[in-house]
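First the structure, in the form of structure tokens, and then the observations on it.
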Amino acid sequence: MAEIAESELDTRLRAFCEHVDSIVKRSGEGGYQFDTRDELVRYVGGNFVFGQQYLLPEHCSYNQLSRTSLIEMAKYLSDAVINPSAAIVTTLDHFRYWAWTAAIASRAFRDNDDEDITLLKSDFQNTIHLGLLPIRTATTSGNPTLDAIHSDSERLALISGLSVLEGFICRIGSTLTSEGRTRKTIQASWKPRNEDGTQRTIGNGSEVSNYHDILQIWMNYDADEEVSRVLSEINDMTRYDGGVLEWKFEDALDMIQREREDGTQNFLTILSKHRNLNLHGQTSTHALAPLALTLCCLFVWDSISDEEYSEISEDVIESIQWRNQTPVEHVHPLWPSALYPI
């Protein structure tokens, strides 16, 4: 399977961000000014959808990448969302990455006969379908129901994606129970220390209801070494331009300032803030949907081994090729061929 050098990804990411910054600029209080270009599929609020692949060379496909490279790509796809100065961006890179992961998920977790895991897997795949909607139906259909879902698909994908990710961590991870209770005492290293300098802890059997804590438990306790490193880089707020964060995520200014002041610098707390605001109907935002779906995909890659991926990917490709050669009237939405390729 193919590997792609980080140096090449770094170069391509910088070029992409410069390209987006040349198209989308800030205008007035929270406004946007942008050039109309062929690769710009649509925009809703601050979310801009581009119909081209920028991070991977055009001759390279996501299904050709090794599991290690697919894990690494999560960081670059996240940076592509966060780093442009005025736009929250989704590209064909994101769509293809999500679609390939969802196709793999159709064959993953087969050794787990828990009905809840099977349902969670289908919830993940359906969430990816929501994420793919802007690239698959770029124009209105005339069906008011479909048009309503299409116009709000990023927000729906954000809420669903964050719910799926929590389910993954609690039901497939080893540190929390399916009810969200700890199986052991946890050193909460992502929190500021107590006044006496001791580390804060979450006791064995405690209910963990804070979404940010759940994400941090995945990163610090459940994720394998490579995934934990990638999550740590995504989580490191010092990697991002402070002014850009404040511009894009003004609903989370209080959390951004708190993370800076106490020195913890957790970017993922912004994701938690947006989850709570949307879940409780306090705001309606399309922000961070592409990041939420990318993190869901990263959990899938975290949950299978290199050997399992090699076996599953061959099976998935064969299934897609067979469906392409054997046209059928109805393609089940959870079949690999319904998800990949785009």
Inset, instruction - Measure the acute angle between the ring planes of Phe34 and Tyr43, then classify it against the limits of 30° and 60° as parallel, tilted or perpendicular. - result: perpendicular

Legend entry - Spatial distance of atom CG (Leu92) from atom CD1 (Ile342) [nearest 0.5 Å]: 7.0 Å

Legend entry - Electrostatic pair Arg14:Glu18 at N-O distance under 4.0 angstrom: no

Legend entry - From Ile270 atom CD1 to Leu253 atom CG, the distance as rounded to the nearest 0.5 Å: 9.0 Å

Inset, instruction - For Pro84 and Val20, work out which heavy atoms get closest and say how close. - result: CB-CG1, 3.8 Å

Legend entry - Whether Phe16 and Phe50 hold their rings parallel, tilted or perpendicular, with breakpoints at 30° and 60°: perpendicular

Inset, instruction - Answer with yes or no whether the hydrophobic clustering places Ile317 together with Leu56; edges join I, L, V, M, F, W, Y residues whose side-chain heavy atoms lie under 4.5 Å apart. - result: yes

Legend entry - Ser178 (side chain) donor-acceptor with Cys170 (main chain) under 3.5 angstrom: no

Legend entry - Shortest non-hydrogen separation from Val230 to Ala74 and the atoms involved: CG1-CB, 4.2 Å

Inset, instruction - Indicate the ring-plane relationship of Trp100 and Tyr309, choosing parallel, tilted or perpendicular according to the 30° and 60° boundaries. - result: perpendicular

Inset, instruction - Determine whether more than 12 heavy atoms belonging to other residues, nucleotides or ligands lie under 6.0 Å from atom CG of Asp38. - result: no

Legend entry - side chain to side chain contact (heavy atoms under 4.5 Å, CB included) evaluation trace for Gln265 with Arg260: CA-CA 6 Å; Gln265 301 280 13; Arg260 288 172 178 163; 4.0 Å; yes

Legend entry - Ser189 vs Asn220, side chain to side chain contact (heavy atoms under 4.5 Å, CB included): CA-CA, chis, key distance, verdict: CA-CA 9 Å; Ser189 57; Asn220 288 281; 3.8 Å; yes

Legend entry - Stepwise side chain to side chain contact (heavy atoms under 4.5 Å, CB included) test for Tyr97 and Leu70: CA-CA 8 Å; Tyr97 182 80; Leu70 288 163; 4.0 Å; yes

Legend entry - Derivation and outcome, side chain to side chain contact (heavy atoms under 4.5 Å, CB included), residues Arg96 and Ser61: CA-CA 8 Å; Arg96 286 172 171 166; Ser61 300; over 6 Å; no

Inset, instruction - Please check if any side-chain donor atom of His94 sits under 3.5 Å from a side-chain acceptor atom of Thr91, or the reverse. - result: yes

Inset, instruction - Classify the side-chain pair Thr101/Trp301 by whether it contains a donor and acceptor separated by less than 3.5 Å. - result: yes

Legend entry - Residues Glu154, Arg42; criterion salt bridge (Lys or Arg N to Asp or Glu O under 4.0 Å); working and verdict: CA-CA 12 Å; Glu154 284 96 346; Arg42 76 164 187 165; 2.8 Å; yes

Inset, instruction - Give the C-alpha distance, both sets of side-chain angles, the deciding distance and a yes or no for salt bridge (Lys or Arg N to Asp or Glu O under 4.0 Å) between Arg107 and Glu308. - result: CA-CA 10 Å; Arg107 299 293 192 268; Glu308 287 173 317; over 6 Å; no

Inset, instruction - Walk me through it: do Gln52 and His19 pass the test side-chain hydrogen bond (donor to acceptor under 3.5 Å, both in side chains)? - result: CA-CA 12 Å; Gln52 292 186 16; His19 178 60; over 6 Å; no

Inset, instruction - Please lay out, stage by stage, how Glu226 and Arg229 fare under the test salt bridge (Lys or Arg N to Asp or Glu O under 4.0 Å). - result: CA-CA 5 Å; Glu226 285 300 306; Arg229 179 185 58 79; 2.9 Å; yes

Inset, instruction - Would you kindly confirm whether Leu291 and Tyr240 end up in one hydrophobic cluster when ILVMFWY residues are joined by side chain heavy atoms under 4.5 Å apart? - result: yes

Legend entry - Other residues, nucleotides, ligands: >12 heavy atoms within 6.0 Å of Glu58 CD: yes

Inset, instruction - Check the surroundings of atom CD in Glu39: do more than 12 heavy atoms from other residues, nucleotides or ligands lie under 6.0 Å from it? - result: yes

Legend entry - Residues Arg200 and Asp213 bridged, charged N to O under 4.0 Å: no

Inset, instruction - Quick one: pull up CD1 in Ile149 and CZ in Arg155 and give me the separation to the nearest 0.5 Å. - result: 13.5 Å

Inset, instruction - State plainly whether one hydrophobic cluster holds both Leu133 and Leu334, where clusters connect Ile, Leu, Val, Met, Phe, Trp and Tyr through side-chain heavy atoms under 4.5 angstrom apart. - result: no

Legend entry - CD/Gln187: more than 12 non-hydrogen atoms of other groups inside 6.0 Å: yes

Legend entry - Matching residue for Tyr76 among Asp10, Asn83, Thr294 - test: side chain to side chain donor-acceptor pair (under 3.5 Å): Asp10

Inset, instruction - Group every Ile, Leu, Val, Met, Phe, Trp and Tyr by side-chain heavy-atom contacts under 4.5 Å, then state whether Met237 and Leu231 land in the same group. - result: yes

Legend entry - Linked, directly or transitively: Leu40 and Val24 (ILVMFWY side chains, under 4.5 Å): yes

Inset, instruction - Please determine, by modelled atom types, if Asn235 and Trp190 share a side-chain donor-acceptor pair under 3.5 angstrom. - result: no

Legend entry - Enclosure of Glu311 CD (heavy-atom neighbours >12, cutoff 6.0 Å): no

Legend entry - Check: Tyr340 ring centre within less than 6.0 Å of Tyr62 ring centre: no

